[in-house]
Structure formats: C-alpha cells, structure tokens
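Read through the structure below, which is laid out as structure tokens, and then see the notes.
Keep in mind that this is a model prediction, so the values were computed, not measured.
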Amino acid sequence: MTSQTGSRQRLLPVSILLVLALVFAGLGIWQVKRLAWKEALIADVTRAVHAAPVSIAAVPAGAIDRLAYHRVAITGQFLPVATVLATATSTLGNGYWVMVPLATPGRAPVWINRGFVPMGTRLDTARRAVPVTPVSIIGLIRPSEPKGTFLRANRPEAERWYARDLPVMNMRRGVVAEPRYFLDAQVETPRPTAQPVPVPGLTVIAFPNNHLSYALTWFALCALSLGAAIMVWRKAR
C-alpha cells in the first residue's frame, strides 16, 4: 500500500518532467530548422554579394526581402538638394552616411548611400560635394529602415536622422523616390573628388548564427529531464 502511495505521489513530478522533455525537444528541433534556414540565407547572400551586378530595371515590383544585398548597377544624376546625412557607426568611426537620390530616366529616383563621412561634416558642405554630372553606381540593395531604434528616433525637423526611413525622407525632401530600398554604393564612377569624399563599400554583412549551440542546449535539457523522470520513477518503485 505504501509503495502504491509513493508511486502516486511521484506521478505528478514525473509527468511534469516528461512534458518538459517534450517541450525542450520541440525547441531543439525548431533551432535545427532555424540553423538550416540561417545557413541557406548566408549562402544566398554570399552568392549575391559576389555576383555580377544586374540592371536596376531588373529589380521587380513588390517585396524585396529576398533581394537584400544583391548587386545592382544604375546610372543617373544625383539630386543634391535632397541630400540627407544619416548618423553612422562604421569601421572608420562615428560619422554620417551621405544619402542622395539618383534620378534615372523612366523610373522613380533611387536613394543612394554614397558612403561614410566623418562626424562634424555639415549638410550644406555635403550637398556642395555631390556631383552634378551623370554618374554610374554599383551598390547593394538595402531595405528601408522605418523603425529606427528605441532611444534614437528620427527627428526630421531638426535634421537628426538615425534610421534611413525612405518614405519620411521623401516627404521631408519633397521627392518621389523609390520607398522600398536604397543602394549601398560600392563603386561610384567617375570617382568623386570634391571634399568631403564619401567612403563607399563599408556595408557590414554579418548574420549571427548561434542556432547550433541553442539546439544542443535544448537537447541537453531534454536529456536531463528524461533522466530525472527515470530516476524519480525508479525511486518510486
């Protein structure tokens, strides 16, 4: 009788441990799937970054999520009056990204991140340094950044830009440019000479990939839960 009572008393903790083991196993399987997705994403981006650039005309309408970091070639003329300096942190330190829309025949202008300029650069100085003759750009597609950061929201009225929110930049500058994406310039031809000369090609391409360690952690917790359930059950017997 005492043995049966002890078994019943341990039924609840054993059941809880088994449920936890199932939950941990499910989380581990989910992380394995995430690992496969992340590795495929990294492979796709690596191929895109090193592929030959396609014409801007080849960029389709609609969502451009799968086109992030693809190389695109575009030729046109900058609209210097619409220049925006967006706060930047790069391998060269703190400064600004020089954002300027590029007008192309037969389509909406496309915002170009011409590159990095150091902190202290004035907006009017950056505008004067923008070429007024046609240029060719090879750059990487980057999506608009509508949310910014929690503590650093854009303040367009004060020319404080922390996120490259293209629809708001269009509205503020009075241009009807492409609102979905901009191009991070890798090459600008002819090479600019007017000071300050933006430094292109500083796009950070990094995808944290800790899914394997997460999966192993969840599977280890699953094994520990199963082991604990077995020990409790055997003790009850």
Side-chain angles (χ1 to χ4, degrees), residues 44-45 48-49 51-88 96-117 121 123-124 126-148 153-192 194 197-205:
D44 288 344
V45 169
V49 168
V54 300
S55 168
I56 191 70
V59 178
I64 50 95
D65 297 347
R66 295 184 61 84
L67 296 177
Y69 300 105
H70 280 60
R71 298 181 77 208
V72 172
I74 183 173
T75 297
Q77 195 160 354
F78 283 124
L79 304 176
V81 70
T83 301
V84 168
L85 293 182
T87 301
Y96 307 98
W97 301 123
V98 181
M99 302 291 295
V100 191
L102 185 74
T104 59
R107 63 184 304 117
V110 175
W111 283 94
I112 306 294
N113 173 16
R114 297 186 64 219
F116 176 86
V117 293
T121 302
L123 178 58
D124 56 351
R127 280 176 177 155
R128 287 196 298 269
V130 176
V132 295
T133 55
V135 297
S136 295
I137 302 290
I138 295 177
L140 304 177
I141 290 182
R142 302 294 307 281
S144 177
E145 301 168 347
K147 295 182 180 179
N154 286 339
R155 294 172 55 196
E157 69 285 352
E159 289 299 329
R160 299 289 181 87
W161 300 91
Y162 301 104
R164 289 162 288 190
D165 189 335
L166 303 184
V168 177
M169 288 164 58
N170 286 344
M171 186 181 304
R172 184 69 184 175
R173 290 297 187 259
V175 296
V176 187
E178 169 61 60
R180 298 173 299 158
Y181 64 87
F182 60 93
L183 299 182
D184 263 351
Q186 294 181 304
V187 179
E188 182 177 322
T189 309
R191 182 176 173 79
V197 177
V199 180
L202 298 180
T203 306
V204 176
I205 303 175

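Of the inter-residue distances, the one linking Ile138 atom CD1 with Thr189 atom OG1 reads 6.5 Å to the nearest 0.5 angstrom. Here the CG atom belonging to Leu166 is positioned 12.5 Å from the CE atom belonging to Met171, to the nearest 0.5 angstrom. In this structure, Phe182 CZ and Met169 CE are separated by 8.0 Å, a value rounded to the nearest 0.5 Å. With rounding to the nearest 0.5 angstrom, the CG atom of Asp65 is 11.0 Å from the CD1 atom of Ile141. In this structure, CD on Glu159 lies 10.5 Å from CG on Asn154, to the nearest 0.5 angstrom. Atoms CD and CD1, from Glu178 and Ile56 in turn, are 7.5 Å apart once rounded to the nearest 0.5 Å.
The shortest distance between side-chain heavy atoms of Val72 and Ser55 does not fall below 4.5 Å. The shortest distance between side-chain heavy atoms of Leu67 and Pro60 falls below 4.5 Å. Within the 4.5 Å cutoff, no side-chain heavy atoms of Leu123 are placed close to those of Tyr96. A heavy-atom distance below 4.5 Å is not found between the side chains of Trp111 and Arg164. Under the 4.5 Å side-chain criterion, counting only non-hydrogen atoms from C-beta, Val135 is not in contact with Thr75. Residues Met99 and Ile112 are not in side-chain contact: their nearest non-hydrogen atoms beyond the backbone lie 4.5 Å or more apart. Residues Pro146 and Pro167 are not in side-chain contact: their nearest non-hydrogen atoms beyond the backbone lie 4.5 Å or more apart. For the pair Val110 and Val59, the minimum side-chain heavy-atom distance is 4.5 Å or more.
The backbone N or O of Trp161 lies less than 3.5 Å from a partner atom in the side chain of Thr87, making a donor-acceptor pair. Between the side chain of Asp184 and the main chain of Asn113, no donor-acceptor pair closer than 3.5 Å is present. Of the possible donor and acceptor atoms, one in the side chain of Arg71 sits under 3.5 Å from a partner among the backbone N and O of Ala51. Between the side chain of Gln186 and the backbone N or O of Pro200, no donor-acceptor pair lies under 3.5 Å. Looking at Arg114, its side chain never comes within 3.5 Å of a backbone N or O of Pro198 through a donor-acceptor pair.
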Next on the checklist: Applying side-chain contact (heavy atoms from CB on, under 4.5 Å) to Thr83 and Phe78, what does each step give before you reach the verdict?
Outcome noted: CA-CA 9 Å; Thr83 301; Phe78 283 124; over 6 Å; no

Next on the checklist: If you apply the rule side-chain contact (heavy atoms from CB on, under 4.5 Å), what do you find for Leu140 with Ile205, and how did you get there?
Outcome noted: CA-CA 11 Å; Leu140 304 177; Ile205 303 175; 4.2 Å; yes

Next on the checklist: Run Ile74 and Ser136 through side-chain contact (heavy atoms from CB on, under 4.5 Å) and show every step you take.
Outcome noted: CA-CA 6 Å; Ile74 183 173; Ser136 295; over 6 Å; no

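Scanning both residues, Pro101 and Pro109, for their nearest heavy atoms gives CB-CB, 4.2 Å. Between Ala73 and Pro53, the shortest heavy-atom distance links the atoms N-CB, 4.1 Å. Considering every non-hydrogen atom in both Leu102 and Gly76, the closest pair reads CD1-C, 3.5 Å.
Atom CZ of Arg66 has 12 or fewer heavy atoms from other residues, nucleotides or ligands within 6.0 Å.
When each of Leu79, Val100, Val84, Val168 is tested with Arg173 by the rule side-chain contact (heavy atoms from CB on, under 4.5 Å), just one qualifies, namely Val84.
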